[in-house]
Structure formats: structure tokens, C-alpha cells
Number of protein chains: 2
Amino acid sequence: MAERAGCCLPKLAPRLDGAEARRISDELALLAHPIRLQILDLLAQSQGQVCVCDLEAALPVKQPTVSHHLKILREAGLITAERQGLWIYYSIRADAVQAVPERLLAHFASLG
Amino acid sequence: MAERAGCCLPKLAPRLDGAEARRISDELALLAHPIRLQILDLLAQSQGQVCVCDLEAALPVKQPTVSHHLKILREAGLITAERQGLWIYYSIRADAVQAVPERLLAHFASLG
DNA sequence: CATATATATTGAAGTTTGTCAATATATAGC
DNA sequence: GCTATATATTGACAAACTTCAATATATATG
């Protein structure tokens with residue numbers, strides 16, 4: 001049959017299973033927040049030596065919110081924290097951050 | 001002063017303003033959903049000629065949910081739709097999809 | 001130990017997102 | 001126009017996310 005007899009025939013199967021799709025989307029969701037992007041930008045700007053109050057002063061959210069986003073980024077391995085006395089200095093893990101779009105690019109390239 | 005006198009002194013200013021951060025995070029949020037990633041995968045797999053019922057059959061969600069995500073992807077310019085009789089065939093815009101991680105990569109590269 | 005400061009955590013409230021049943025719209029064929 | 005099929009839209013509900021005030025924890029200093 002040259003034409004499709006009706007619809008839903010090709011038995012399309014997902015090459016990307018649900019678990020893998022969730023893995024990628026979770027990784028993207030980490031970066032899909034303006035405050036988190038700004039935090040990463042600020043950390044990249046001044047290599048190391050950025051404390052929470054520096055971030056709070058530069059961002060339009062309060063301290064608990066900054067800490068909340070820092071925790072998310074830290075648990076994802078995108079930033080690191082080091083306490084020095086009263087302050088806790090955060091740093092970006094540039095390689096881990098750049099790996100995200102690289103993996104995404106590889107994923108979409110393999111779709112083509 | 002060689003040492004920082006207290007904290008919050010460097011007057012960190014965001015190179016990335018709120019509007020630009022939101023632009024990037026909105027773009028990321030588009031892809032940060034497992035069903036949308038699977039839809040893009042399925043569309044890439046069978047170039048064109050994929051109707052909604054094909055997608056519904058391959059995915060763990062019902063038809064209104066498929067249509068919902070298709071609308072989001074279409075309004076973002078990542079896919080196109082073409083009606084043929086009763087069916088509406090969706091296609092991926094591979095260039096538009098790949099441009100997202102490319103822009104993201106460029107963004108993070110410029111942070112370094 | 002008491003005080004002060006920096007950051008983390010908790011808990012609550014508002015907002016957004018995701019899903020689906022029900023319904024509407026569009027097209028084809030009779 | 002009537003019926004059948006494919007897709008879109010609406011409306012409601014639940015779950016997840018975001019934010020902040022209040023509080024807790026940790027560290028430094030007197």
C-alpha cells in the first residue's frame with residue numbers, strides 16, 4: 001500500500017525511553033531558572049570568593065531564596081562551597097556546567 | 001587592603017540582567033519536560049508524517065496532553081504542523097531545536 | 001558564656017505546571 | 001445534513017515550584 005490506510009499504523013516506538021527522557025529533562029530543569037542562571041553568571045565572573053551576601057546584594061531575591069537555589073546547584077554538582085570563618089564561599093564548576101549543553105547538543109545531534 | 005574587610009564588599013553586579021536570564025531560562029524550560037523530549041525524538045525519528053495518534057500510541061499520556069505539549073512546541077517554533085484531511089502531521093524543525101543547546105553552550109562558554 | 005554575624009532550614013502561602021474527562025471544532029463520506 | 005474520526009480546547013484538580021518570614025545553626029569575639 002503506497003498510501004497509509006488510516007492513521008497510527010507505523011508503530012512508532014520511542015528510542016528515548018521515559019527514564020532517559022526524565023534524566024535529561026531534570027538536568028535541563030536545573031538551569032531553567034533565571035536566578036540560578038544569574039548565580040552561575042556571578043560565580044563565573046569572580047572566580048571563587050563569592051559569599052551568599054554578595055549574591056543576595058546582586059539579586060532580586062532574599063537570603064533564604066539565594067540559599068535555596070545554592071543548595072539545588074550544589075546538590076547537582078554545578079557549584080562547590082567552602083566555609084572560611086563566618087562566610088561560605090561558593091565557586092562554579094565550569095566543566096560541570098558546560099557539560100550540560102554539550103550533552104544536550106550531542107543528544108539532539110544524534111536525533112538528526 | 002589585601003584582605004576583605006568583612007563581606008559583601010566587591011559590589012558584584014550581574015552581567016546577566018533579569019530579562020536576559022528569563023529569556024534563556026524560558027527557552028530551557030521548553031525542553032525541560034520528558035514528554036516534550038520524547039515527542040521531539042519521535043518526530044526526528046520519522047521525518048514528517050507523524051500524526052497525533054501516532055504520538056499518543058507511543059507515549060504514556062492521553063491525547064489532550066499530547067496536543068497540549070504539541071502546542072507549546074509549535075508556539076516556540078520547534079515543530080511545525082500541516083493538516084492533510086483528517087490528520088495533522090507534525091514535523092521537527094531540526095535547526096531550531098539544535099540552536100537551543102548551541103546558544104546555551106555559547107552563553108556558558110562566554111562565562112569562562 | 002553572651003553577643004553578633006553569616007548562612008541554613010522550616011513551614012506556610014501563592015503561583016505555575018501537568019494531566020485528563022468532557023466538550024468543541026474540523027474534515028470526510030454517505 | 002448526518003455520522004464518524006482526528007485533533008483542539010476548556011475547565012477542574014493535583015502536584016511541584018518559588019518565595020519569604022521566622023527560626024535554627026555555626027562561627028567569631030569579647
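Within every chain, numbering begins at 1; the chains are lettered A, B, ... in the order of the sequence lines, protein sequences first and strands thereafter. Only this structure's heavy atoms are used, side chains among them; waters, hydrogens and symmetry mates stay out.
Side-chain to base pairing of A/Gln63 with C/dA8: one donor and one acceptor N or O lie within less than 3.5 Å of each other.
Look at A/Thr65 and you'll find a side-chain N or O under 4.0 angstrom from OP1 or OP2 of D/dC20. Remark: A/His69 is in phosphate contact with D/dT19, judged by side-chain N or O atoms under 4.0 Å from OP1 or OP2. Residue B/Tyr90 places at least one side-chain N or O closer than 4.0 Å to OP1 or OP2 of D/dA8. Phosphate contact (OP1/OP2 of C/dA6, side-chain N/O of A/Arg83, threshold under 4.0 Å): absent. Put simply, A/His33 has a side-chain N or O that comes within less than 4.0 Å of OP1 or OP2 on D/dT19.
Atom CG of B/Asp54 is separated from atom P of D/dA6 by 11 Å (rounded to the nearest Å). The nearest whole Å value for the distance from the CH2 atom in A/Trp87 to the P atom in C/dT5 is 11 Å. Following rounding to the nearest Å, A/Leu70 (CG) and D/dT19 (C1') show an atom-to-atom distance of 15 Å. In this structure, B/Gln38 atom CD and C/dG18 atom C1' are separated by 15 Å, rounded to whole Å. Distance B/Leu59 CG to C/dG18 P: 15 Å, rounded to the nearest Å. For the pair A/Ile35 CD1 and D/dC17 P, the computed distance is 17 Å after rounding to whole Å. Straight-line distance from the NZ atom of B/Lys62 to the P atom of C/dA22: 12 Å, rounded to whole Å. Here the C1' atom of nucleotide D/dT27 and the CD atom of A/Glu82 are 15 Å apart, to the nearest Å.
Taking the side chain of B/Cys53 as heavy atoms from C-beta on, and the options D/dT19, D/dT7, D/dT9, the nearest nucleotide is D/dT7. The side chain of B/Lys71 has D/dT9 as its nearest neighbour among D/dA8, D/dT9, C/dT7. Checking D/dT7, D/dT19, D/dA22 against the side-chain heavy atoms of A/Pro64 singles out D/dA22 as nearest. Nearest nucleotide to the side chain of A/Leu86, out of D/dT19, C/dA8, D/dA26: D/dA26. Closest contact between the side chain of A/Val52 and the listed nucleotides C/dT19, D/dT9, C/dA8 involves C/dA8.
B/His68 comes within 4.0 angstrom of a base, heavy atoms only. Residue contacts shown for A/Arg36 are limited to sugar-phosphate atoms, with no base heavy atom under 4.0 Å away.
Contact annotation: the side chain of A/Val50 never approaches that of A/Leu42 to less than 4.5 Å [non-hydrogen atoms, C-beta and beyond]. You'll find the side chain of A/His107 reaches within 4.5 Å of the side chain of A/Leu16, heavy atoms only. Taking the side chain as every heavy atom from C-beta outward, B/Asp95 and B/Arg93 approach each other to under 4.5 Å.
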- Assess whether side chain to side chain contact (heavy atoms under 4.5 Å, CB included) is satisfied between A/Leu73 and A/Arg36, documenting all intermediate values. CA-CA 8 Å; A/Leu73 292 171; A/Arg36 292 199 283 273; 3.9 Å; yes

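The shortest non-hydrogen separation linking B/His69 to B/Ile39 is CB-CD1, 3.8 Å.
Although no hydrogens or angles enter the test, the distance criterion places a donor-acceptor pair under 3.5 Å between the side chain of A/Arg83 and the main chain of A/Gly85.
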